[in-house]
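Taking it in order: structure first as structure tokens, then the write-up.
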Amino acid sequence: MRKLTLVCLGVFILAGISFAFSVQSSVAAEPIVIGSINPLTGTNAVQGTDMKRGEALALEEINAAGGIYGHPLKIIWEDTESSPRGGMDAVHKLVEINKVSVIIGAYSSGVSLPTGQWTNSKKVIQIAEASTSPKLREIGPYFFDVMGLDEVMGTKLAEFALESGAQTFASITVNNPFGIGIEIWTEKTVKKAGKTWLEAVRYDEKKTDYRAEIERLFAKNPDVVFFTAYGTESKLILKQAHEMGLKPAKGWYADYMTMWSNEVIPETAEGIKGLVIGTATGTRLKEYKAAYKNKYGAGAKQTAFGAYAYDATWIAALALSIAGKTNTDGIAKALYTAGGIYNGVTGDKSFDKDGMQVTDYYQRMIYTGGKLLPYK
Amino acid sequence: MLRVENLYKSFGGIMALCDVSFRVEPKTITGLIGPNGSGKSTLFNVISGFYKKDKGDIYFEGQKIEALQPFSIALMGIGRTFQISEAPQKMTVMENLLLAPKDQIGEKIVNVFLHPSKIREQNEKDLQKAYEILKLVQLHDLRNEYSGNLSGGQKKLLSLGRILMFDPSLLLLDEPTAGVNPTLIKDLVIAIKKLRDEREKTILLVEHNMKVISEICDKVIVLNFGKKIAEGTPEEIQENEAVLEAYLSGSARQRGANGNS
Amino acid sequence: MSFTQIIINSIVRASELALLSLGLTIVYDILGFANFAHTEFAVVGVYLALFLNVSLGLGIVPAAIIASVLTGIIAIFIDRGVFKKMRSSGGIIVMVTSLGVAIALRNTVRAIWGASARNYSVALEKPIITPYFRITPLQIWIIVIGLAAMFLFHLLLHYTKLGKAMRAVSDDPELAQASGIATESIITYVWFIAIGFASVGGILIGMETYILPYMGFAIIVPVFCATIMGGIGNPYGAMLGALVLGFAENFGLYINFGQVLGIEKIFHISKGLFIPTGYKPAISFVILILVLLVRPRGILGKKKAG
Amino acid sequence: MGIINFLVYLAIMMAIYGILSLSLNLQYGFTGLANFGQVGFFCLGAYTSTTIVLVFKLPFILGLLGGMLASTLFGYIIAIPTADLKEDYWAIVTLAAAEIIRIFFLNESWVVGGGPYVGGAFGVGGIPQPLRSLFSAYTYPFFYLGIALLCLLVAYLVINSVTRSPFGRVIKSIREGDNLAQAMGKDIRKFRIKVMALGGAFGGLAGCLWAHYHGFISPEQFLPLETFLVWAMVIVGGKGNNKGAILGAVIIMAFYNSTRFLKDYIPIEEVTLASLRMVVIGVLIVAAMLFMKEGLIKEKKTIY
């Protein structure tokens, strides 16, 4: 069913390595333990739960493919409670008590930064899955990130919108590092092109009314509105704008469209253009989505982040296999190799010298008739 | 000492005090009587600043006091007790008394750290005084009991003790003998008289016990429906027609119609 | 267009808030404590309606009615189990207890239904378009139900035996008890009415937006602001407070303060002086604090006798 | 070894939250002020100290004092207009004030120096740790635990002497009702304001300690939920008793972290577990209020 090129490659590597280690691991079955921190409760619980599912899916496949040199992989999941304190509690427990040498997570930069600083001081590998703040670069040699940073997405999105010939621009973004990162880079790019930037609206997550923000956004009739939102809020913002009959002349432009594309009411999002991760239409993602549906049922909500978590787990497993029984420096080195050879659901996963994702391929899409289709 | 002129106070539509005027002379005991709901406690609350008057003036030792906060009125020398005695649940009887003295150095946070010895000294003095007062109001054995656990009569005694500790020049006592056991009432009457005669205090008290009134009061003021209907010596009052009528109709009125006004 | 539209938006928001603040205020009036679990009760109603509507396939209207009734009953049970035991305690103790109830309820809902956003199975409505504003049928319903609730409540308070008893208990609980009013049974009705209204309000918000376990906490603060602004314990104040807050939230971002204050020309602020959108959640807080500075008991605050 | 490190970390957190709990206990347990915005002090202390140390490059100790001073001022300022408000109003006003502080730091990045991706929603990292260079990564937490315990001790001693002094007597009488204290000539407004200021100082101190230990702060850390945790600490530990407040912090933090271990042995969904954990916190508050009104350690009676 899932005859993924990757799985083949993975199985091949794992089988080879586990054969090499089979002499030592006669006891076998002793699991290799890694940790994971996700926001399973609190404001980001939806994304966190999806990420945990992505990791669990990868874990199942990894163990089905023979585990890590004969040992099964085990993940200990901890909750960050969507807060830095919860995140710190979690990494302390994982490192000091469970003695893991690799941790996957966290979701937001606000949690990844403090936990990363600490795990790095402990020489424990941390692989962030959905944090995009450029500050992450400075953390240190044991910190990795599998998601392209904001600057790339923001710039590419603005370039796309500029091609429409629009003169005036505005944005509505969630007031968190992710949203503001996009706001900064779209605004920068628009201004560089000599066009007018009218308004940057920031909204609070999980509120039940965004009409005031929408009125403000459209007060000066922007030609283009950049739009960044998680599924929950996108649905409401687009619905309320639709009800109020407000629409930018040259359309909405959105980033990471898969974050909301299966949650919005189709009519309200008709014609939104934007970007998705390059391979989001590729077979890998399709397979991932099918496997996900198969495991968790059709009702399970997929966000854009589960796939990153899935990829992070695979890369960690590959690196552990390549590094063998060595210290974290060895694993860190192996991560660069693993990132290079792994063909991810979310695209090429190569790291740059700071352990950050080098590229993210983006593809232009349009949302029409309730579906995301490639933009001509 | 205390001069009240044309005082008005209403709650919603109910006129609780209506054109009340009177004087309290220094070193006297003035009784305030009247049926339930006649405005006695309201008058106390307005004088002590807990309620704001609608109209009228209140002078204490020549100074207008009606605009002041309750605590500043207290600091000027008007001490009061409450009809339903304030008795903190989680403070012992002794703590209640130690709360009362004015100008405590230890009520300033900095002094707690800068002058601990002065605080201790002052506390020691206050303790001595408190022991004496406790003996007077017969709460000595209960000094370490939480005041919230006292009986109604004991709470009355406690509030008397507290106000003695506070040591104002004018004492407003709201039913000081209500619920107190009869043998003790005698001692209380003696003690209150002593306050006037030996310590030169001025006292205004609300009282239902006519025996107590006639025994200690120099002057009695009678309120009915918020109006002053009579003023005079206890003897004069007892023969006053209007007062008798008020009490007769008052007793026919539903009891407890408004326990607070 | 946008000015009239903002007025409509404000009224819709005010109606939602009013349904919730009405109940909060009468519970305060009769029981004497600020119920921090108020909107969490509403969320219980929202999820019960979700269960009836989506899992059992009931129509949204019967689902809403059944859920609100059930929630009212749950509130009565929680009152019997928890709040009844502290009738004589001070307001602050019960308030803190209600905070515990709130945390427990919110997380129970989340443990059962999960953290994701959900929706009722209702179709997207076509807005009614006028030259001045747009409004959806649901929003008209929200305004109508909001007004009807207020009117019903007014009738209840002034023309029914229950209402008169409620007012008596509110004015002087001891006297009411003495004159033979069964305070406990009044309290039962009050919980039922208050939480029933809240649940309806919550379900309307859920229909208009989305359903989250977190929504109770997202609306508790505006609801409290509205209630307190109007004068806690006063039902008409709660309605007024909701109106003030609805307008403040919507006009706060719309008004150009540079123009209003006439300083635009002086300081050459070409873009106008607007409240940054990031501060929108703070608007209601600031207004609340300002109102309390001027009127420490709220706009229509009353002083209890005694 | 690992367990010891973990316990040291836990102890640091307990000490920090113990200070917060002591501060809330002074306000609520002794004075009856229902401060639902305790996290505002925490936030302000953390940000002020960070600004002083990171932007102005001043030593840690000045950051600590500055953070305390800022929160003191804030407690003072918020209390002046609100000191006369009723307790219910007080609760929501303090909650609102704390949210205003958080929203301020969420929107204003310049206060922590600004620059790309610094401040505002991004939070601010790289906050220096005091005397970090003298220790290794493994020994430093022990040193910091020393600092935290020292601060906790100071907080305990100060708050305990204040609550046992005549000042403490007055605020206790205010807790039981306004009338008595006023009739005894006490300016209850002033006392409330002072309590908020002193409570603010220690709330701010806890914030500074948090910021410098973790080296990173962001508005996400200062949501109202933190306040409610501190409430649980005061109520479970014993309101009106300073030892109780610390015990409460120890218990709630231990409970919070021990549930993490539970799921290593019992197969249970983390989402459910985390929700249930909060259900327990809520139920604990209710149960303590119902059946254990005084908490684990009763308020101490002064005997004469």
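Residue numbers begin at 1 in each chain, while the letters A, B, ... track the order of the sequences.
For D:W231 and D:F36, the gap between ring centers is short of 6.0 Å.
Geometrically, B:K9 engages B:F11 in a cation-pi contact defined by less than 6.0 Å to the ring centre and at most 45° from the axis. Cation-pi geometry between D:R169 and D:F167 is not met: the NZ or CZ atom fails to fall both under 6.0 Å from the ring centre and inside 45° of the normal.
Heavy atoms closer than 4.5 Å to chain D are found in the side chain of B:I119, but not in its backbone. Only the side chain of B:L127 comes within contact range of chain D, with heavy atoms under 4.5 Å apart. With a threshold of 4.5 angstrom between heavy atoms, B:N96 approaches chain D through side-chain atoms but not through N, CA, C or O. For D:I171, no part lies near chain B; criterion is any non-hydrogen pair under 4.5 Å. No part of B:D126 comes within reach of chain D, as not one of its non-hydrogen atoms sits under 4.5 angstrom from that chain. If you measure heavy-atom distances from B:P116 to chain D, you find no contacts under 4.5 Å at all. Within the 4.5 angstrom heavy-atom criterion, only side-chain atoms of B:T92, from C-beta onward, approach chain D. Contacts between B:Q104 and chain D at a heavy-atom distance below 4.5 Å involve the side chain alone, from C-beta outward. Heavy atoms closer than 4.5 Å to chain B are found nowhere in D:R164, neither backbone nor side chain.
With chain B as partner, the option from D:V170, D:I188, D:N179, D:I303 having the largest number of non-hydrogen pairs under 4.5 angstrom is D:N179. Comparing B:G148, B:G106, B:A74 by how many heavy-atom pairs each has under 4.5 Å with chain D, the most go to B:G106. Counting heavy-atom pairs closer than 4.5 Å to chain D, the top-ranked of the candidates B:K102, B:M94, B:E95 is B:E95. Among the candidates B:V112, B:L75, B:L98, the residue making the largest number of heavy-atom pairs closer than 4.5 Å to chain D is B:L98.
Inter-residue side-chain proximity for B:L223 and B:I33 is flagged as unmet; no heavy-atom pair is nearer than 4.5 Å.
In summary, the side chains of D:T31 and D:R175 do not present any donor paired with an acceptor at a separation below 3.5 Å, with no hydrogens or angles considered.
Rounding to the nearest 0.5 Å gives a distance of 8.0 Å between CG of B:D167 and CD1 of B:I133.
Looking at D:E299 and B:K90, no side-chain N of the basic residue comes within less than 4.0 Å of a carboxylate O on the acidic one, giving no salt bridge.
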Take D:K186 and D:D178 through the test salt bridge (charged side-chain N to carboxylate O under 4.0 Å, His left out) and record every step on the way to the result. CA-CA 10 Å; D:K186 317 291 182 201; D:D178 299 354; over 6 Å; no

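In this pair, B:F50 and B:F82 present their aromatic rings perpendicular. The plane angle is above 60°, beyond the 30 to 60° band.
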